Amino acid sequence: MEYKTAKRMEYLPFSGIRAVMEKATKMQQAGEKVIHLEIGRPDFDTPKKIKDAAYESLNAGHVFYTSNYGTPALRKEIAKWENEHHNVNYETSEVLVTVGVGEATYASMAAFLEEGDEVLVPNPVWLNYIHVPSSLGATPVTYSLKEENDYQIDFEELESKITEKTKMIVVVNPSNPTGGIFSRKTLEKLSEIAIRNDLLVVSDEIYSQLVYDGAEHVSVASIPGMKERTITLGGFSKAYSMTGWRLGYMCAPEGIISACVRVHQYTITCASSFVQDAAIVALNECADDVEAMRQEYQRRKDFMVKALNDIDGISCNNPQGAFYIFVNVKSLGMTSMEVAEYLLEHAKVALVPGSAFGSEGEGYLRISYACSYEDLQEAAKRIREAVAELKAR
């Protein structure tokens, strides 16, 4: 039988991150010692309190469907947490529990983007924000985040791209892939533009607890006039090391939640009941665990930033959020894909080419320091040797 896929599949390429991971895994299975710096997955185990809460929930028989919106208890705790940590006064009714931020991204866009609408998206960015609107018939219009601007927004460029078709602005703060954080001043200016042009804002804040060097994370919904037009996305994967638990959420006014839950109920139904119970414990009892992981990420970041900048031919800025470093490899005279392939083959270090995150990522590699300190030490040594060999050719 000849299969003909839907036309929308033309806009859904395979993930560049997963492509690198698959190749690196095959090399590892063949006996090669590959260091994985390509995947944004914490190497820490999920805190014991969270796992114990899941066991208790299962043993108590909490194995059934929950409300499409999520359990009232978890939604209440998420609203409380957002109020305490992000200074936004959400009610329980303004929370929707999702299966990761990936699903929340899809629901927020599917509920509001019509065919032909335009959505402003950072460049570089986690490419769900490019391919989801494209698959819906909307047009992602990118605004540049550049290293020389410390990955802040160029508002002259951004405003020049707003048209009568623009409906939404995406913010990823802290950023995947750059690790950059938008300043309060940047977000206040963005808010002025969103209000003036009556635009929705989707603000991905999954890394909000992972900030360094005394930096401040500001939630755009906390800025006056913004809560009513902002969909804040958060989750448990990164800060709580719960990637495999697949739990996220969105916070927004009830009218927005009412639209998004209708997408959610026909695709996912609900998040796992016992995972939602465990997440309540994560929010209430695991701040110390999160802080311990954050401090270790700080140590890893400090080491890796110095080690990379000590290598002749490459450089990086000092990111203040998430667990990524965006490494400038432009002076090597190769594409980011070529450099990534070279380092995988010659150094046995898996990295993601910046081009996987958009055109502004060309000339960069994304490194995840969510692996062990020892792996980072060995990776830095291998990268240094491989780059020296490349430059000596």
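Note that the numbering runs from 1 along the sequence shown for the chain. This is a predicted model, so every value here is computed, not measured.
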Using a strict 4.0 Å threshold on nitrogen-to-oxygen distance, state whether [X] and [Y] make a salt bridge.
X	Y	value
Asp288	Lys49	no
Arg382	Glu385	no
Glu378	Lys33	no
Glu291	Arg294	yes
Lys301	Asp213	yes

Checking [X] side chain against [Y] main chain: does a donor-acceptor pair fall under 3.5 Å?
X	Y	result
Gln276	Ala271	yes
Asn123	Thr142	no
Gln152	Asn149	no
Ser331	Gly313	yes
Arg75	Leu96	no
Tyr364	Ile325	no

Could you pull out all donor-acceptor pairs under 3.5 Å where a side-chain atom in residues 247-257 meets a protein atom, sequence neighbours excluded?
from, atom 1, to, atom 2, distance (Å)
Tyr249, OH, Glu82, OE2, 2.7
Glu254, OE2, Ser93, OG, 3.0

Salt bridge (Lys or Arg N to Asp or Glu O under 4.0 Å) between Arg299 and Glu296, worked out: CA-CA 5 Å; Arg299 184 172 82 106; Glu296 175 58 16; 3.0 Å; yes
For residues [X] and [Y], report the shortest heavy-atom separation together with the two atoms involved.
X	Y	result
Arg300	Ala370	NH1-C, 3.5 Å
Pro174	Ala322	CB-N, 3.8 Å
Ser336	Ser355	OG-OG, 3.2 Å

Connected via hydrophobic side-chain network under 4.5 Å: Phe357 and Ile181: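 Phe357 and Ile181: separate clusters.
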Derivation and outcome, side-chain contact (heavy atoms from CB on, under 4.5 Å), residues Met109 and Met168: CA-CA 9 Å; Met109 292 189 164; Met168 180 183 288; 4.2 Å; yes
Compile the donor-acceptor pairs under 3.5 Å between side chains in residues 112-119 and protein atoms, sequence neighbours left out, one pair per line.
from, atom 1, to, atom 2, distance (Å)
Asp117, OD2, Glu114, N, 2.7
Glu118, OE1, Thr163, OG1, 2.8

Set of side-chain contact (heavy atoms from CB on, under 4.5 Å) partners for Thr230, sequence neighbours left out: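 side-chain contact (heavy atoms from CB on, under 4.5 Å) check on Thr230 returns Val201, Ser203, Val220, Ala221, Met226, Thr232.
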Residue list, side-chain contact (heavy atoms from CB on, under 4.5 Å) with Arg384, at least two apart or on another chain: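 side-chain contact (heavy atoms from CB on, under 4.5 Å) list for Arg384, sorted by chain: Ile311, Lys381.
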Whether Tyr129 and Trp126 hold their rings parallel, tilted or perpendicular, with breakpoints at 30° and 60°: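 Ring orientation, 0 to 90° scale: perpendicular.
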Transitive ILVMFWY cluster of Val99, excluding itself - 4.5 Å side-chain cut-off: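 ILVMFWY cluster around Val99 also holds Ile268.
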Of all pairs that satisfy ring-ring contact (aromatic ring centres under 6.0 Å, His included), the ones with a partner from residues 296-317, not counting sequence neighbours: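 Residue pairs passing ring-ring contact (aromatic ring centres under 6.0 Å, His included), neighbours aside: Phe44-Tyr297, Tyr297-Phe323, Phe303-Tyr373.
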Thr71 and Thr66: CA distance, side-chain angles, deciding distance, side-chain hydrogen bond (donor to acceptor under 3.5 Å, both in side chains) verdict: CA-CA 6 Å; Thr71 66; Thr66 74; over 6 Å; no
Check: Glu147 and Lys330 side chains under 4.5 Å, non-hydrogen atoms: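 Result no, sub-4.5 Å side-chain heavy-atom pair not found.
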Flag if over 12 foreign heavy atoms under 6.0 Å of NZ, Lys161: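 Enclosed: over 12 neighbouring heavy atoms sit under 6.0 Å from NZ of Lys161.
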